[in-house]
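FYI, side chains are in, hydrogens and waters are out, and symmetry mates aren't considered; it's all heavy atoms of this structure.
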Amino acid sequence: MNIGEKIKNIRKSQNISMNYLAKKAEVSQANLSRIENGQQQPTFDTIKRIIAALGYNLNDFFAASSKEEPPDTKHLLDSIRKLNIEQKQALQLFLEEMLK
(Lines give C-alpha, C1' and ligand atoms only; values in the text may rest on other atoms or scores of the structure.)
Protein backbone atom coordinates (compact mmCIF):
# COMPACT_ATOMS: atom_id res chain seq x y z
CA MET A 1 0.00 0.00 0.00
CA ASN A 2 1.38 3.41 -0.92
CA ILE A 3 1.23 6.55 1.23
CA GLY A 4 -1.79 7.95 -0.57
CA GLU A 5 -3.80 4.76 -0.12
CA LYS A 6 -2.85 4.62 3.55
CA ILE A 7 -3.91 8.26 4.06
CA LYS A 8 -7.20 7.57 2.30
CA ASN A 9 -7.89 4.42 4.34
CA ILE A 10 -7.16 6.17 7.65
CA ARG A 11 -9.23 9.20 6.64
CA LYS A 12 -12.20 7.02 5.75
CA SER A 13 -11.85 4.87 8.88
CA GLN A 14 -12.06 8.08 10.95
CA ASN A 15 -15.07 9.31 8.92
CA ILE A 16 -13.19 12.46 7.94
CA SER A 17 -14.13 14.17 4.69
CA MET A 18 -11.44 14.99 2.19
CA ASN A 19 -12.36 18.66 2.46
CA TYR A 20 -12.00 18.65 6.26
CA LEU A 21 -8.62 16.89 6.14
CA ALA A 22 -7.35 19.19 3.41
CA LYS A 23 -8.27 22.28 5.43
CA LYS A 24 -6.81 20.87 8.65
CA ALA A 25 -3.56 19.90 6.87
CA GLU A 26 -3.44 23.20 4.96
CA VAL A 27 -3.32 21.56 1.52
CA SER A 28 -5.76 21.97 -1.33
CA GLN A 29 -8.47 19.38 -1.72
CA ALA A 30 -7.30 18.80 -5.29
CA ASN A 31 -3.76 18.07 -4.05
CA LEU A 32 -5.06 15.70 -1.39
CA SER A 33 -7.19 13.90 -3.96
CA ARG A 34 -4.20 13.45 -6.28
CA ILE A 35 -2.08 12.18 -3.36
CA GLU A 36 -4.74 9.71 -2.22
CA ASN A 37 -5.21 8.42 -5.78
CA GLY A 38 -1.47 8.01 -6.40
CA GLN A 39 -1.34 10.70 -9.07
CA GLN A 40 1.02 12.93 -7.10
CA GLN A 41 3.84 12.30 -4.66
CA PRO A 42 3.56 14.63 -1.66
CA THR A 43 6.49 16.60 -0.34
CA PHE A 44 7.84 15.62 3.07
CA ASP A 45 6.30 18.75 4.61
CA THR A 46 2.90 17.93 3.10
CA ILE A 47 3.09 14.34 4.39
CA LYS A 48 3.91 15.62 7.89
CA ARG A 49 0.93 18.01 7.87
CA ILE A 50 -1.51 15.39 6.60
CA ILE A 51 -0.31 12.77 9.06
CA ALA A 52 -0.55 15.24 11.96
CA ALA A 53 -4.06 16.22 10.86
CA LEU A 54 -5.01 12.54 11.05
CA GLY A 55 -3.75 12.40 14.65
CA TYR A 56 -0.52 10.50 13.96
CA ASN A 57 3.15 11.27 14.23
CA LEU A 58 5.48 10.03 11.48
CA ASN A 59 6.66 7.05 13.51
CA ASP A 60 3.16 5.85 14.35
CA PHE A 61 1.88 6.41 10.83
CA PHE A 62 4.57 4.36 9.15
CA ALA A 63 4.57 1.67 11.85
CA ALA A 64 0.81 1.30 12.25
CA SER A 65 -1.55 -0.69 10.15
CA SER A 66 -4.20 1.47 8.49
CA LYS A 67 -6.86 -0.33 10.51
CA GLU A 68 -5.44 0.87 13.85
CA GLU A 69 -6.84 3.82 15.69
CA PRO A 70 -4.80 7.03 15.89
CA PRO A 71 -2.81 7.50 19.11
CA ASP A 72 -5.23 10.00 20.65
CA THR A 73 -8.13 7.57 20.16
CA LYS A 74 -6.08 4.73 21.64
CA HIS A 75 -5.41 6.90 24.69
CA LEU A 76 -9.13 7.61 25.12
CA LEU A 77 -9.99 3.92 24.81
CA ASP A 78 -7.32 3.00 27.34
CA SER A 79 -8.78 5.57 29.75
CA ILE A 80 -12.29 4.19 29.28
CA ARG A 81 -11.07 0.67 30.03
CA LYS A 82 -9.87 1.88 33.45
CA LEU A 83 -13.32 3.18 34.46
CA ASN A 84 -15.57 1.20 36.78
CA ILE A 85 -19.04 0.16 35.61
CA GLU A 86 -20.80 3.19 37.09
CA GLN A 87 -18.32 5.57 35.46
CA LYS A 88 -18.75 3.81 32.11
CA GLN A 89 -22.54 4.12 32.37
CA ALA A 90 -22.25 7.83 33.20
CA LEU A 91 -19.89 8.35 30.27
CA GLN A 92 -22.27 6.52 27.95
CA LEU A 93 -25.18 8.74 29.01
CA PHE A 94 -23.04 11.83 28.55
CA LEU A 95 -21.98 10.76 25.06
CA GLU A 96 -25.54 9.91 24.05
CA GLU A 97 -26.66 13.40 25.12
CA MET A 98 -23.73 15.00 23.38
CA LEU A 99 -24.49 13.23 20.09
CA LYS A 100 -28.19 14.20 19.99
Side-chain angles (χ1 to χ4, degrees):
M1 176 182 314
N2 68 38
I3 290 174
E5 290 171 330
K6 189 166 186 168
I7 289 169
K8 185 176 189 175
N9 287 342
I10 292 171
R11 178 180 62 76
K12 287 186 171 196
S13 75
Q14 294 182 18
N15 292 323
I16 297 173
S17 71
M18 188 179 292
N19 184 47
Y20 177 83
L21 179 58
K23 285 180 181 176
K24 193 170 177 183
E26 299 178 351
V27 298
S28 74
Q29 187 172 341
N31 258 4
L32 181 58
S33 178
R34 286 190 296 271
I35 291 167
E36 286 189 354
N37 293 311
Q39 299 167 337
Q40 178 179 327
Q41 288 299 320
T43 64
F44 183 69
D45 184 55
T46 300
I47 292 170
K48 284 191 331 186
R49 289 196 318 267
I50 293 170
I51 290 171
L54 289 169
Y56 285 80
N57 63 42
L58 288 172
N59 218 16
D60 292 333
F61 177 82
F62 287 107
S65 129
S66 63
K67 299 224 185 266
E68 287 187 37
E69 297 291 342
D72 59 336
T73 302
K74 283 182 184 180
H75 178 71
L76 286 171
L77 292 172
D78 289 341
S79 296
I80 292 169
R81 287 184 187 101
K82 294 175 185 174
L83 298 175
N84 66 40
I85 190 70
E86 292 85 16
Q87 292 169 321
K88 287 180 183 177
Q89 289 171 342
L91 178 59
Q92 182 175 357
L93 290 173
F94 172 76
L95 290 172
E96 287 170 0
E97 285 297 316
M98 185 181 225
L99 296 173
K100 283 185 181 179

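Qualifying side-chain hydrogen bond (donor to acceptor under 3.5 Å, both in side chains) partners for S79, counting only residues two or more places apart in sequence or in other chains: none. In this structure, the side chain to side chain contact (heavy atoms under 4.5 Å, CB included) partners of K24, at least two apart in sequence or on a different chain, are Y20, A53. Annotation: side chain to side chain contact (heavy atoms under 4.5 Å, CB included) contacts of Q29 (sequence neighbours excluded): M18, N19, A22.
When all heavy atoms of T43 and T46 are compared, the pair lying nearest together is OG1-OG1, 2.9 Å. Pairing each heavy atom of K6 with each of F61, the nearest pair is NZ-O, 2.5 Å.
Atom CD1 of I47 and atom CD1 of I7 lie 6.5 Å apart (nearest 0.5 Å). If you take CG on N2 and CG on N37, they are separated by 9.5 Å, rounding to the nearest 0.5 Å. Here the CD-OG distance, from Q39 to S33, works out to 6.5 Å after rounding to the nearest 0.5 Å.
Side-chain contact between I10 and I51 is absent, with no heavy atoms from C-beta onward closer than 4.5 Å.
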Exercise answer: donor-acceptor pairs, residues 89-100 side-chain atoms, under 3.5 Å, sequence neighbours excluded:
residue, atom, partner, partner atom, Å
Q92, NE2, E96, OE2, 3.2
E97, OE2, K100, NZ, 2.9

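Residue pairs satisfying the salt bridge (Lys or Arg N to Asp or Glu O under 4.0 Å) criterion with at least one member in residues 28-53, sequence neighbours excluded, are listed as follows: R11-E36, D45-R49. For residues 75-94, the set of pairs meeting the salt bridge (Lys or Arg N to Asp or Glu O under 4.0 Å) definition, not counting sequence neighbours, comprises D78-R81.
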Exercise. Test I3 against I50 for side chain to side chain contact (heavy atoms under 4.5 Å, CB included), laying out the working first.
Key: CA-CA 11 Å; I3 290 174; I50 293 170; over 6 Å; no
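Atom CD of Q41 has 12 or fewer neighbouring heavy atoms from other residues, nucleotides or ligands inside a 6.0 Å radius.
Hydrophobic clustering of Ile, Leu, Val, Met, Phe, Trp and Tyr side chains at less than 4.5 Å, counting indirect connections, unites L58 with V27. In the hydrophobic cluster analysis, where Ile, Leu, Val, Met, Phe, Trp and Tyr join through side-chain heavy atoms closer than 4.5 angstrom, F62 is grouped together with I35.
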